[in-house]
There are 2 protein chains.
Amino acid sequence: MAKIRIVLAEDQTMLLNALATILDLEDNLEVVKSCANGKQALDFVLTNPEQKIDIVLTDIEMPDMTGLELAHELHQQKSASKVIILTTFSRSGYLRRAMDSGVKGYLLKDSPSQDLIDAIVKVHQGGRAIAPELMVDSWMEKDPLSEKERHALRLAKDGMSTEDIAAKLFLSAGTVRNYLSSAANKLNAKNRVEAARIAHQNGWL
Amino acid sequence: MAKIRIVLAEDQTMLLNALATILDLEDNLEVVKSCANGKQALDFVLTNPEQKIDIVLTDIEMPDMTGLELAHELHQQKSASKVIILTTFSRSGYLRRAMDSGVKGYLLKDSPSQDLIDAIVKVHQGGRAIAPELMVDSWMEKDPLSEKERHALRLAKDGMSTEDIAAKLFLSAGTVRNYLSSAANKLNAKNRVEAARIAHQNGWL
DNA sequence: AATTCAATGTGACAAATGTCATTAATCGCC
DNA sequence: GGCGATTAATGACATTTGTCACATTGAATT
């Protein structure tokens with residue numbers, strides 16, 4: 001029987017190498033390519049359709065292109081390759097966005113490597129594989145923030161002043177304060193810093 | 001020739017499993033035990049001296065006991081086992097503390113897995129192995145913060161108000177503001193948030 | 001006992017932030 | 001054209017934060 005053909009995308013080289021090695025040890029799996037970011041993986045899959053990639057296994061937070069963007073693009077292009085997300089973060093916002101992009105599997109780096117192998121097989125056979133931790137709590141509410149609020153919060157998180165944020169977003173300082181205020185209000189935070197923390201934890205930034 | 005005997009400490013199970021597998025594939029290496037945090041590794045090494053562990057390979061940020069604490073303890077107890085740190089973060093503060101605890105190797109998870117294997121052998125032979133990225137920039141200045149400043153900053157980072165921080169540290173609000181102000185001043189930050197970010201990036205929190 | 005020193009606290013003021021009501025401009029839509 | 005919805009801006013005011021000069025306290029040193 002043909003092996004399951006896999007592309008990896010993961011920016012931690014150590015983990016990328018290690019995963020490639022252990023997956024290749026399985027005799028029903030074959031790692032066709034290892035990529036350091038989503039862009040590389042997307043290019044490879046789209047420009048080499050003859051490679052018939054079954055599974056794209058990807059981290060989320062990576063430079064250049066995140067795993068969520070990768071999944072979104074593949075979905076748009078109606079690629080036959082199925083995406084499995086492998087990430088550190090159990091953030092409900094991430095899971096939701098992944099689901100919206102037709103992702104078939106979502107695992108945490110906390111789980112044992114055997115789970116990953118099981119998930120790959122399961123997804124290849126047409127199933128789904130979602131880490132149980134995620135089903136439990138965090139399917140809940142969806143991102144309440146507007147685009148502007150999100151952008152302002154992202155900058156505020158690093159300690160930028162209202163003025164600086166306003167300059168960067170081409171808005172007036174007052175408007176920025178309004179956005180940050182309403183964001184904090186939506187998130188039940190006492191100030192912009194707490195708001196940024198909450199949004200970040202939920203994968204909304 | 002006897003294999004190099006290794007204990008692993010890493011809280012990401014996926015990476016822990018994967019590392020154990022690829023290191024065991026090398027015929028001069030042997031992974032004796034895999035631990036999910038520093039405490040487990042410390043216990044194992046100290047209570048089983050007959051195991052003659054050559055290398056303790058550990059992550060830094062882990063629950064229960066960090067890799068830096070583990071290294072410190074082993075150093076205190078004059079253990080013969082040599083410690084290699086494997087971490088995501090190239091923070092000068094971490095490297096400095098590691099060195100102070102007699103650590104022999106400090107690698108980044110960004111490097112290829114072969115580097116790790118090389119480093120293990122090199123350290124076992126009595127050498128050192130420090131990721132080149134670290135030698136370059138960040139050996140520089142040392143932590144300028146006082147204990148109080150550090151504590152206050154740590155709380156401010158999550159968005160706590162001056163009042164709340166004061167309550168938690170059993171100080172007056174004014175004192176807390178003084179500490180945060182002087183911390184921001186030392187770090188050339190414009191406010192507490194930026195100060196916290198800088199301190200965090202340098203491994204001083 | 002007098003002196004030094006560090007840690008903590010206070011008060012006063014400036015600057016930044018949070019909150020809210022209101023207005024203006026723009027766009028889609030009937 | 002008129003209507004509601006969205007987006008941006010403004011002004012006013014309260015609260016929080018940043019800065020600094022200056023007590024107060026207590027422990028350590030002389």
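Below, chain A is the first sequence line, B the second, and so on; all start at residue 1. When reading the values below, keep in mind they use all heavy atoms of this one structure, side chains included, and skip hydrogens, waters and symmetry mates.
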Give every pair of a protein N or O atom and an N or O atom of nucleotides 19-23 of chain C that lie under 3.5 Å apart, one pair per line with the distance.
unit_1: C:dT19; atom_1: OP2; unit_2: A:Ser181; atom_2: OG; d: 3.4
unit_1: C:dC20; atom_1: N4; unit_2: A:Asn178; atom_2: OD1; d: 2.8

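- Here the straight-line distance linking atom OG1 of A:Thr13 with atom CG of B:Leu116 works out to 12.5 Å at 0.5 Å rounding.
- A straight line from CZ of A:Phe170 to P of D:dT7 spans 19 Å, rounded to a whole angstrom.
- Each of A:Thr66, A:Ile60, A:Leu68 was checked for a side-chain contact (heavy atoms from CB on, under 4.5 Å) with A:Arg97, and the lone residue meeting it is A:Leu68.
- Remark: A:Thr175 is in phosphate contact with D:dA9, judged by side-chain N or O atoms under 4.0 Å from OP1 or OP2.
- Remark: side-chain polar atoms of B:Arg192 are not paired, donor with acceptor, to backbone N or O of B:Gly159 under 3.5 angstrom.
- Contacts with DNA chain D (heavy atom under 4.0 Å) in residues 191-201 of chain A: none are found.
- Annotation: the span from A:Asn202 atom CG to A:Arg197 atom CZ amounts to 10.0 Å, rounded to 0.5 Å.
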Exercise. Give the C-alpha distance, both sets of side-chain angles, the deciding distance and a yes or no for side chain to side chain contact (heavy atoms under 4.5 Å, CB included) between B:Val121 and B:Gln125.
Key: CA-CA 6 Å; B:Val121 172; B:Gln125 290 170 345; 3.7 Å; yes
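- Among residue pairs with one or both ends in residues 166-189 of chain B, those qualifying as salt bridge (Lys or Arg N to Asp or Glu O under 4.0 Å) are B:Glu149-B:Lys186; sequence neighbours excluded.
- The stretch residues 145-162 of chain B touches DNA chain C through B:Lys148, each having a heavy atom within less than 4.0 Å of the strand.
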Exercise. Please assess A:His72 against A:Met65 for the test side chain to side chain contact (heavy atoms under 4.5 Å, CB included), listing each intermediate value before the final yes or no.
Key: CA-CA 11 Å; A:His72 183 73; A:Met65 179 182 278; over 6 Å; no
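- With values rounded to the nearest 0.5 angstrom, B:Thr58 atom OG1 is found 11.5 Å from B:Glu61 atom CD.
- To the nearest 0.5 angstrom, A:Ser161 atom OG is 10.5 Å from A:Leu155 atom CG.
- Panel note: side chain B:Asn37, backbone B:Gln40; a donor-acceptor pair is recorded below 3.5 Å.
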Measure all distances between protein nitrogen or oxygen atoms and nitrogen or oxygen atoms of nucleotides 26-28 of chain D, and list the pairs falling under 3.5 Å.
none

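- In this structure, B:Tyr179 places its OH atom 16 Å from C1' of D:dC20, rounding to the nearest Å.
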Practice problem: I would like to know whether A:Leu19 and A:Val31 meet side chain to side chain contact (heavy atoms under 4.5 Å, CB included); could you show each step before the answer? | Solution: CA-CA 9 Å; A:Leu19 283 178; A:Val31 174; over 6 Å; no
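- Straight-line distance from the CD atom of A:Glu163 to the P atom of C:dG18: 14 Å, rounded to whole Å.
- Screening residues 100-117 of chain A for salt bridge (Lys or Arg N to Asp or Glu O under 4.0 Å), with sequence neighbours left out, gives A:Glu10-A:Lys109, A:Asp59-A:Lys109.
- In this structure, the separation between CG on A:Leu107 and CD1 on A:Ile85 is 10.0 Å, given to the nearest 0.5 Å.
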